[in-house]
Amino acid sequence: MYRTHTCGELTSDHIGKKVVLSGWVRRVRDLGGLIFIDLRDRYGRTQLVVEPGRKETFEIAKSLGMQYVIRVEGKVRRRPEEMINPELSTGEIEVVVEKLDILNRTPLLPFVIEDEINIQEDTRLRWRFLDLRRPKMQRNIIVRHHTLQAVRNFLSSEGFIEIETPFLTKSTPEGARDFLVPSRNFPGKFYALPQSPQLYKQVLMSAGFDRYFQIVRCFRDEDLRQDRQPEFTQIDLEMSFVDMDNVLSLTERMLEYVFDKVLHQKLEIPFPRISYKDALKKYGSDKPDLSIKEEILDFTEIFKGSGFGVLENIIQNKGIVLGVRSPRDFSRKEIDELKDFIVKEGGAGLFWFKVKAETLYGQLAKYIDINKISLEEGTYFVIAGDNKPATYLLAGKLREKVCKSYQDKKFNFLWVIDFPLFEWNEEEKRIEPAHHMFTMPYEDQIHLLEQDPLKVIGKQYDLVLNGVELASGSIRVHKRELQEKIMEIIGLNKQEREKRFGFLLEALEYGAPPHGGIAFGFDRLVAMMLGIGTIRDVIAFPKTTSAQALYEKAPDLVDDEQLKELHIKIIDQDLG
RNA sequence: GGGGCCGUAGUUCAGCCUGGUGAGAACGCCGGCCUGUCACGCCGGAGGUCGCGAGUUCAAAUCUCGUCGGCCCCGCCA
């Protein structure tokens with residue numbers, strides 16, 4: 001028998017008991033006549049004491065190295081009163097070792113297996129199994145597990161059916177670059193790994209599985225970020241006979257359940273909602289960070305006729321003047337840096353003034369009539385530009401930069417709703433879907449599709465948490481006719497529609513019910529629950545920024561024989 | 001595709017700007033001492049292709065160019 005208990009469970013209740021423990025040697029403290037060993041597994045750590053009386057055991061203990069795997073038999077005893085370690089759940093006791101076996105040794109470790117160490121990412125990834133042995137990483141992976149289970153429990157109890165959809169599927173235009181898988185049976189043809197199960201879940205609705213979910217891997221061959229991996233996990237769900245409110249409230253209840261079960265935190269639901277248009281005006285973003293309370297201020301009226309030429313000119317040309325407030329003072333250097341930032345982001349310039357004790361200071365002070373305004377104390381930054389989203393977006397960036405230092409760290413969820421269905425792609429001179437082409441327009445706007453599609457608002461919703469897009473969904477188009485019209489607007493002709501999306505269109509045609517759903521970035525959700533910036537730390541085996549796996553070393557070359565079977569020839573002669 | 005930061009002992013870093021002394025520190029590792037430690041302590045020791053390649057120079061960890069790798073950002077990611 002390797003163990004009667006884990007390294008995290010012995011307490012004063014077990015005093016006097018004979019136990020067997022197995023685990024990793026975290027540290028050996030050899031005091032000469034007495035040896036302490038911290039034994040660790042994923043449940044915790046237990047202090048072992050080896051006394052000199054047992055000569056053979058004592059000699060083995062002396063030879064132990066860090067991260068050796070050992071098994072011990074011994075007796076639990078209470079520590080002397082002043083030796084109790086209140087930091088550990090097992091801190092009241094220790095195990096007096098009677099027998100000690102080395103189950104495995106280790107060479108010199110590339111790094112110390114501790115939480116508070118600073119190791120470079122490539123070293124950690126190269127030695128991922130050692131990195132994952134660190135308590136913090138184990139906690140991350142375990143929280144991920146609990147979150148997975150909580151989501152499954154909740155959705156299952158709500159009548160959702162978990163259905164797997166294919167990984168070997170069809171490449172579709174639009175969206176991200178696909179990962180392709182060559183076909184052996186069909187020379188020159190390729191499967192694609194799914195960017196999401198979008199089409200399948202809609203087909204499942206047509207099939208009558210009115211509540212579907214899946215916790216599923218998605219693949220997108222685009223450049224990485226700290227919150228983007230080429231393969232990532234989604235909580236994907238879809239419901240029939242629902243409208244927007246049903247999906248939003250189900251999502252809210254799911255998060256309420258998950259945060260309660262996993263973090264023991266009560267979320268306040270329902271979450272606030274804001275339209276895309278208002279989000280842009282108030283926060284200058286389609287994913288506002290509500291951990292910052294400040295809103296964008298419209299100063300256009302204040303500077304109308306102010307005598308400040310630059311701003312007046314802009315206002316006369318139907319431009320707008322926007323402001324962002326921060327309660328604190330800024331140094332000359334900080335203001336210069338902010339100016340550089342604004343210019344780098346495409347802005348024309350940055351002005352500022354300060355309000356303190358009902359008096360104005362700074363660059364713009366003499367152009368503002370103090371009696372005309374009532375502003376809180378603080379530093380105000382001012383930008384100006386066309387009355388277009390770009391100006392608001394710039395103000396939004398300024399807002400996040402200027403106010404970053406006093407964020408409110410709790411979970412600030414927000415629904416952003418009512419997105420435009422389409423947007424204009426200036427480079428390609430065409431209309432493209434703002435979200436995806438399956439989103440249902442509001443019924444009273446369908447008639448606008450013909451005349452002015454860019455005005456049409458869709459039943460789309462994004463869930464934003466502290467400025468991070470966590471989930472996105474929509475009520476879908478469930479009729480073939482309307483779906484084809486939308487495809488036509490974005491420039492897909494009859495032939496392409498049939499070729500790329502024929503199986504979806506058919507499913508809609510043959511009695512698809514009204515339906516809608518949502519998809520969560522699961523890795524992001526877990527990372528945010530843990531307060532971690534990078535999703536790499538909640539994925540057991542992530543890829544590097546260049547999409548490599550440093551541990552198993554993928555991607556890699558393959559045998560000529562394999563290529564031949566797949567009818568593939570490497571044409572770049574420098575390779576291989 | 002573009003920009004920024006980084007690469008020196010097993011690990012984390014200093015040294016680089018301003019080229020030249022024997023390339024250092026901490027942790028880890030090895031040996032010794034130590035019976036109440038929990039980052040044990042004390043003494044001693046081993047350990048280096050300064051990422052790789054080229055160039056400049058009497059001389060390169062240090063300057064230049066290229067290249068590989070990591071991280072962050074822009075583009076991209078319906």
So, is [X] close to the [N] phosphate, meaning a side-chain N or O under 4.0 Å from OP1 or OP2?
| X | N | result |
| --- | --- | --- |
| A:Thr544 | B:rG69 | no |
| A:Thr123 | B:rG69 | no |
| A:Arg124 | B:rU12 | no |
| A:Gln548 | B:rG70 | yes |
| A:Asn118 | B:rC13 | yes |
| A:Ser546 | B:rG70 | yes |

Atom of A:Pro288, atom of A:Ala279 and distance for their closest heavy-atom approach = CG-CB, 3.9 Å

Tabulate atom names and distances for all N/O pairs under 3.5 angstrom spanning the protein and nucleotides 5-8 of chain B.
none

request  = Considering only NZ, NE, NH1 and NH2 on the basic side and carboxylate oxygens on the acidic side, decide whether A:Lys287 and A:Glu469 come within less than 4.0 Å.
outcome  = no

request  = Between B:rA39 and B:rC58, how far apart are the C1' atoms? Round to whole Å, please.
outcome  = 50 Å

query = Which value, in whole Å, describes the distance between the P atoms of nucleotides B:rG69 and B:rG31?
reply = 40 Å

request  = Could you encode protein contacts along nucleotides 33-43 of chain B as a string, one character per nucleotide from 5' to 3', using B for base contact, S for sugar-phosphate-only contact and - for no contact, with a heavy-atom cut-off of under 4.0 Å?
outcome  = -BBBBBSB---

